[in-house]
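Contents: one structure, followed by commentary.
Everything quoted here is computed from the prediction, not taken from an experiment. To find a chain, count down the sequence lines: A is the first, B the second, and so on, and within it residues start at 1.
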Amino acid sequence: MDINLTRSFDLSVPMQLSTALLPDLLLFAGAMVLMLYAAGRPESEATQRKVGMGALGLCIAILVAVVVVAAQGWSSGPGVIAVDSFRWSSNVVFLIGAIITIALSMDYNAREGIVVPEAHVLVVFATGGMMLMAAARDLMVLFLGIELMSIAVYVLAGLNRRSNRSAEAALKYFLLGAFSTGFLLYGIALVYGATGSTNLATIGERVVSMNLQASPMLLVGVALLLVGFAFKVAAAPFHMWAPDVYEGAPTPITGYMAAAVKAAAFAAFLRVWLEAFSGVYPQWHRAIWWLAAITMVVGNLIALQQRNIKRMLAYSSIGHTGFILVALAAGTSQAATAFIFYLLAYTLATMGAFAVMVALGTAGQPRETIEDYNGLWQERPGLAVAMAVFMLALLGFPIFGGMGFLAKWYVLQAALQAPAPQTRLAVILVIASSISAGYYLALVIAMFMKPRPAGAAAFPPLGGMARAVIVGSVAILLFFGAWPEPLVRLVQRNSMLGAPPGAPAAPAAQTAATR
Amino acid sequence: MMVPEALALSAVLFTIGVIGVLTRRNAIVIFMCVELMLNAVNLSFVAFSRLYGATGQVFVVFVMTVAAAEAAVGLAIIISIFRHRQTVDLKNINILKG
């Protein structure tokens with residue numbers, strides 16, 4: 001890791017731009033090759049598994065490439081994409097999500113009779129869209145990334161064509177997703193109209209240099225963008241679609257939506273807000289504050305009443321949206337670090353929990369209610385312990401929850417140490433977390449303390465892929481929970497953002513606006 | 001250059017689209033209203049590009065491409081739900097809730 005070829009890219013030169021986009025381009029090239037391969041084969045379980053293995057290999061290769069590139073410490077001049085550690089570390093989160101999803105999907109799809117091999121390729125394409133979202137420094141690239149991801153995920157939600165519920169989930173996700181895209185796009189148009197640019201850095205400069213803090217067109221644009229993003233990350237009161245869609249979609253895809261899709265929407269959200277709109281921090285801060293507070297309370301309270309674990313995890317993911325929004329409300333580069341750490345912990349814990357669900361379900365018996373987990377400890381101690389670790393990580397329990405505790409700790413720290421400390425929001429976060437103990441621990445109690453009902457069908461044998469995913473997630477969660485420093489240092493290197501909001505950078509104004 | 005008029009028309013069309021999505025219950029009609037919203041935004045982009053140069057028009061080309069892809073996927077999803085229920089009325093599409 002000592003080879004530090006610090007290199008700065010001039011993004012107006014096509015060759016240098018494509019080098020800076022290398023991991024993304026390789027991913028898309030690989031995905032197209034896989035798509036062509038899949039198109040030329042008959043639909044069968046064997047083809048599905050082959051393409052799945054190919055997609056899995058591709059994602060692992062790109063993950064290695066991203067880690068290697070991240071270690072180079074590249075940077076760039078102004079342009080349509082960003083080259084910074086925020087981008088690479090969010091890419092790692094998305095790729096881990098994709099790897100777990102594909103690994104689980106192969107067995108799940110075989111079990112449910114889904115033979116289309118393209119399913120795995122769609123996951124890869126959606127991941128490519130996410131990587132573009134994390135890289136986007138221009139609203140046009142951002143829009144294309146969001147749509148590339150969303151359109152692929154609409155199809156994935158309806159993957160199980162024989163299932164009535166899957167079709168309904170896809171329809172709801174599609175209609176609400178397209179609706180929110182409309183808001184997002186109108187927001188982009190108005191921001192473009194107010195500033196004359198779609199480049200995030202240029203927008204940020206012009207907001208200050210042209211004194212647009214009170215421009216109604218800019219503020220309406222920011223508000224519409226906020227609504228669009230709030231739909232995508234499922235923040236209350238724009239969360240109604242999430243539980244239905246998460247319940248109906250195939251389980252591995254639900255995990256993918258709850259973890260990676262949300263992480264990608266948040267990565268883009270954070271970058272747009274801190275790079276382009278830090279000049280209007282006082283105007284948007286109130287809105288994000290309320291969004292965070294309402295989301296934390298609503299998500300965790302409704303989760304308490306759920307008996308279906310998929311729905312429970314859906315509401316829990318809404319609650320986590322609120323926790324992450326707290327980092328956004330703090331809006332510092334320390335918050336950006338906390339944010340990445342949180343996303344990684346949350347992705348591993350959520351995907352791990354869905355992996356356990358996939359491992360315990362069978363074709364006729366999905367085992368989705370809490371009662372189905374009664375007495376799991378007596379039959380499957382390993383799975384019960386793993387599920388307990390995931391629940392404790394989501395809860396943010398010290399030591400046994402591994403990274404989950406530190407993730408919440410860093411977000412709290414970022415909120416309290418910001419130039420404008422978010423003390424009340426931090427208090428709400430702690431209260432909401434303790435409410436969430438009510439449902440996370442209910443599942444742990446069911447697994448360890450309730451007896452196994454007499455005559456219950458035996459659990460199916462554990463597949464190799466599911467075992468690898470569950471063991472891997474537990475290991476990473478606990479390892480970095482005990483020893484977080486290397487991870488934090490990696491994320492902090494050449495941090496993403498310049499000046500903290502509220503104190504917009506003065507030098508930026510001088511280079512602004514040739515118009 | 002008619003820019004304010006175009007922006008006003010775009011805002012009206014967008015609002016009609018939003019109201020349509022919120023009040024209509026037929027999946028196809030809702031989808032048409034979403035398309036109306038996207039095209040209203042396109043009108044804004046074109047109007048702004050008279051002030052700021054070609055970026056807005058390039059954006060419109062991308063939006064139309066994406067909308068076409070979205071239409072293909074969306075109609076396929078609507079067909080798959082029709083095969084299950086023989087209806088695309090959202091009143092009858094409600095097995096997921098709780």
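Within the 4.5 angstrom heavy-atom criterion, no atom of A:Met240 approaches chain B. For A:Ser163, the part sitting under 4.5 Å from any heavy atom of chain B is the backbone (N, CA, C, O) and nothing else. Interface residue A:Arg162: only backbone heavy atoms are found under 4.5 Å from chain B. When heavy atoms are compared at a cutoff of 4.5 Å, B:Phe59 approaches chain A by way of both its backbone and its side chain. If you measure heavy-atom distances from B:Arg83 to chain A, you find no contacts under 4.5 Å at all. Proximity to chain B is absent for every atom of A:Ala152, based on heavy atoms less than 4.5 angstrom apart. Looking at B:Val21, only its side chain comes within 4.5 Å of chain A, counting heavy atoms on both sides. Heavy-atom distances place both the backbone and the side chain of B:Thr55 under 4.5 Å from chain A. Using a 4.5 Å cut-off between heavy atoms, B:Ala67 makes no contact with chain A at all. Contacts of B:Val88 with chain A are absent, with no heavy-atom separation under 4.5 Å from either backbone or side chain. Heavy atoms of B:Leu36 lying under 4.5 Å from chain A are absent altogether. Both the backbone and the side chain of A:Leu185 come within contact range of chain B, each with at least one heavy atom under 4.5 Å from a heavy atom of that chain. No part of A:Ala157 comes within reach of chain B, as not one of its non-hydrogen atoms sits under 4.5 angstrom from that chain.
Once rounded to the nearest 0.5 Å, the distance linking CD1 of B:Ile93 with CG of A:Asp244 reads 12.0 Å. In this structure, the separation between CG on B:Asn92 and CD on A:Glu168 is 10.5 Å, given to the nearest 0.5 Å. Atom-to-atom distance recorded for A:Leu171:CG and B:His84:NE2 is 11.5 Å, nearest 0.5 angstrom. To the nearest 0.5 angstrom, B:Ser10 atom OG is 7.5 Å from A:Leu190 atom CG.
Contacts with chain B were tallied for A:Leu175, A:Val155, A:Leu139; A:Leu175 has the most, counting heavy-atom pairs under 4.5 Å. For the set A:Arg165, A:Glu147, A:Met140, the count of heavy-atom pairs under 4.5 angstrom toward chain B peaks at A:Met140.
A 4.5 Å side-chain heavy-atom check between B:Val41 and A:Ile188 finds every atom pair outside the cut-off. The closest side-chain heavy-atom distance from B:Val66 to A:Thr181 is not below 4.5 Å. With contacts defined as side-chain heavy-atom distances shorter than 4.5 Å, the pair B:Val18/A:Phe183 qualifies.
With hydrogens and angles ignored, the 3.5 Å screen pairs a side-chain donor or acceptor of B:Tyr52 with a backbone N or O of A:Gly193. Under a 3.5 Å cut-off, the side chain of A:Tyr192 and the backbone N or O of B:Gly56 do form a donor-acceptor pair.
Ring-plane geometry between A:Phe174 and B:Phe31 is classed as tilted, the angle between the planes lying from 30 to 60 degrees on a 0 to 90 degree scale.
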